[in-house]
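I have placed the structure first, in the form of structure tokens, so that the comments after it can refer back to it.
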Amino acid sequence: MSQTNVYFNHDGGVDDLVSLFMLLQMEQVHLTGVSVIPADGYLEPATDASRKIIDRFGQNKGPVEVAKSNSRGKNPFPAAWRLHSFYVDALPVLNESGRMEAPLSSLPAHQHLIEKVRGAEGKTLLLFTGPLTDLARALDEAPDIEAKIEKLVWMGGTFEKGNVEEPEHDGTAEWNVFWDPEAAYRVWQSGITIDLVALESTSKVPLTPAVRNRWAAERRYEGVDFLGNCYAGCPPLVYSETNSTYYLWDVLTTASVGRPDIVKKKTVHCSVIAEGPSQGRTVEQASGRPVNLVYDTDPEAFFTYMADLAKLAAPK
Ligand code: AGV
Ligand code: CA
């Protein structure tokens, strides 16, 4: 089977780490590298958890190197969310062997990305489930890589209500853009094709008690049990949305790489606001650059795909 080169940069949230787990189960994916930026998580536990997930659940992939980012954002994530990275890193299933074998790169993430894109045979698809800081830096340092990027699939943005609830902000932005609005602005200036998995689609896949029960009922599969355990630290949607309600933002983004048929896309011309009270907002604008907005999904097909992939992690 022909494989697609995929380079994955994530920011250590629960759904970022579950995304890595999912990617490792996709047979059509050749994972050329992983890097971790300390935005919605802390660097050490998010990096360690990534290496342990590759060790424990990367049975079908060759060695996958992990790199740490030295990028820092403009608007920090709430610590309460970032602490989830310690929880996943401590899960017993990831610590049973007592070892960490997936190689750690000595390069910072943005240079690791440059190295892996340049070194790949053919083009590479970039999957980003956190802020775009490392990509913006990579493009500044090595403009030649643009020609070798197949496209960027990014969890970020919205053209409806944002999810940033912070003083001095008007609430119009999505968090991954808000953390480093200038980085998104920079990537928008490039010629890279962008698939934008925005809140329009991710809001269709909240974590709910029903989803949890579905995983619980199939916990005899080690991979499905892993999903349930990862999300046990996240508040579900029961009555109405709060600032801590969890959606499967990044996992839907990752699933759209393996199964493009479960999402709907349309072209939108837009730009990114880099400063002021709306910083991080993505706005529709006739003069803006085109992106493929992922605006809808079929939740049932998505959750079925997710569980099916998880079952591959530990065949019974
Ligand atoms: O805005 C969504 C992004 C996704 O990449 N992250 C979480 C996902 O990893 C930030 C975020 C928004 N609301 C959150 C977030 C919440 N309630 N808990 C944790 N992270
Ligand atoms: Ca994320």
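Atoms within each ligand, like the ligands themselves, are counted from 1 in listed order.
- Arg220 has no carboxylate O lying under 4.0 Å from a charged side-chain N of Asp225, or vice versa, which leaves the two without a salt bridge.
- Between Phe77 and Trp175, the ring-plane angle classifies as parallel under the 30° and 60° cut-offs.
- In this structure, Ser244 counts as a contact residue of ligand 1, since one of its heavy atoms falls inside 4.0 Å of the ligand.
- Counted within 6.0 Å of CD on Glu141, heavy atoms from surrounding residues, nucleotides or ligands total more than 12; the atom is thus considered enclosed.
- The closest approach between any non-hydrogen atom of Tyr247 and ligand 1 is not below 4.0 Å.
- Inclusion of Met155 in the first shell of the Ca ion (ligand 2) is not supported: no N, O or S atom falls under 3.0 Å.
- Both the sub-6.0 Å distance and the 45° axial angle are satisfied by Lys266 relative to the ring of Tyr295.
- In summary, Asp250 places an N/O/S atom under 3.0 Å from the Ca ion (ligand 2), meeting the contact criterion.
- Restricting Asp11 to its N/O/S atoms, the shortest distance to the Ca ion (ligand 2) is reached by OD1.
- Atom numbering of ligand 1 starts at 1 in the shown order; those under 4.0 Å from a heavy atom of Asn176 are 3 (C), 4 (C), 5 (O).
- A distance below 6.0 Å separates the ring centres of Tyr7 and His112.
- The Ca ion (ligand 2) has an N, O or S atom of Asp16 inside 3.0 Å of it.
- Polar contact with ligand 1: absent for Trp249 (N/O pair, distance under 3.5 Å).
- When heavy-atom distances to ligand 1 are checked against a 4.0 Å cut-off, Asp250 comes that close only through its side chain, counted from C-beta outward.
- When every heavy atom of Met26 is checked against every heavy atom of Lys61, the shortest pair comes out as O-NZ, 2.6 Å.
- In this structure, Tyr185 places its OH atom where only 12 or fewer heavy-atom neighbours from other residues, nucleotides or ligands lie under 6.0 Å away.
- For Asn243, the heavy-atom gap to ligand 1 drops under 4.0 angstrom.
- For ligand 1, the atoms lying closer than 4.0 Å to a non-hydrogen atom of Asp15 are 8 (C), 9 (O).
- Side-chain contact between His110 and Asn70 is present, with at least one heavy-atom pair separated by less than 4.5 Å.
- At under 3.5 Å, not a single nitrogen or oxygen of Asp11, backbone or side chain, sits near a nitrogen or oxygen of ligand 1.
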